[in-house]
Amino acid sequence: MVERAATSEAMVEIGRNAAENATPGSIFALVGDLGAGKTHWTKGFAAGLGSPAVVTSPTFSLVHEYDGARLPLFHFDFYRLESAEELIALGWDEYLDAGGVIIAEWADKFPELLPSTTRWLRFSVEPDQSRSINHDPPHSP
């Protein structure tokens, strides 16, 4: 399935809709270049869970935790991580067992650490500057 967003607001809305079916333990692997819409999608996802948080990219902090919603949300950014060991040292395994939702940007850096049930979303900037999201089936790093 491919979804398209002509504006950042439309990308937020796509993320909001994706949160409707989120369950404890859901994992979303986001892949795409800078500016492709990953964080806007995550903003909408958090809002769709009912989070009042202001969602920002965790590029420098590596993970943001958002509580106060229907499910806890753990938003990772693997961009600056150099190794799988660094991610594990951040408590990756504990997050996997925490019963919340994990969203991992730049997830393709460490696909071996993601469970087979992970939902892979590939974000692209189209020639007309709209954004697209390609939903890969599980087991597709």
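Sequence positions, counted from 1, serve as the residue numbers for this chain.
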Taking side-chain contact (heavy atoms from CB on, under 4.5 Å) as the definition, give me every residue that meets it alongside [X], ordered by chain and number, with sequence neighbours left out.
{"X": "S8", "value": "H40"}
{"X": "Q129", "value": "V125, R131"}
{"X": "A84", "value": "F110, E112, L113"}

Got T118 and I102 here, is their nearest side-chain heavy-atom distance under 4.5 Å? no
Are the side chains of D128 and R4 in touch, meaning some heavy atoms are under 4.5 Å apart? yes
For the side chain of S83 and the backbone of E86, is there at least one donor-acceptor N/O pair under 3.5 Å apart? yes
Does E9 offer a backbone N or O that forms a donor-acceptor pair with the side chain of K43 under 3.5 Å? no
side-chain hydrogen bond (donor to acceptor under 3.5 Å, both in side chains): which pairs involve residues 92-104, sequence neighbours left out? E65-Y95
Residues clustering with L71 (ILVMFWY side chains joined when closer than 4.5 Å, directly or via others): M11, I14, F28, L30, W41, F45, L49, V55, Y66, L73, V101, I103, L121, F123, I133
Residues clustered with V54, ILVMFWY side-chain links under 4.5 angstrom: none
Could you pull out the closest heavy-atom pair between [X] and [Y], with the gap in Å?
{"X": "E20", "Y": "R70", "answer": "O-NH2, 3.7 Å"}
{"X": "F78", "Y": "A107", "answer": "CD1-CA, 3.6 Å"}
{"X": "P24", "Y": "G99", "answer": "CB-O, 3.3 Å"}
{"X": "A69", "Y": "S51", "answer": "CB-N, 3.5 Å"}
{"X": "K38", "Y": "G32", "answer": "NZ-O, 2.8 Å"}
{"X": "G100", "Y": "F74", "answer": "CA-CE1, 3.9 Å"}

Using 30° and 60° as the class boundaries, would you call the ring planes of W106 and Y79 parallel, tilted or perpendicular? tilted
Can you list the steps and then say if D136 with V31 is a side chain to side chain contact (heavy atoms under 4.5 Å, CB included)? CA-CA 11 Å; D136 290 351; V31 178; over 6 Å; no
Gap between atom CZ of R119 and atom CG of L114 - 0.5 Å precision: 13.5 Å
Shared ILVMFWY cluster between V12 and L34, side chains joined below 4.5 angstrom? no
Candidate pair L87 and F76, rule side chain to side chain contact (heavy atoms under 4.5 Å, CB included), full reasoning: CA-CA 10 Å; L87 180 58; F76 283 82; 4.0 Å; yes
Tell me yes or no: between the side chains of T39 and T42, is some donor less than 3.5 Å from an acceptor? no
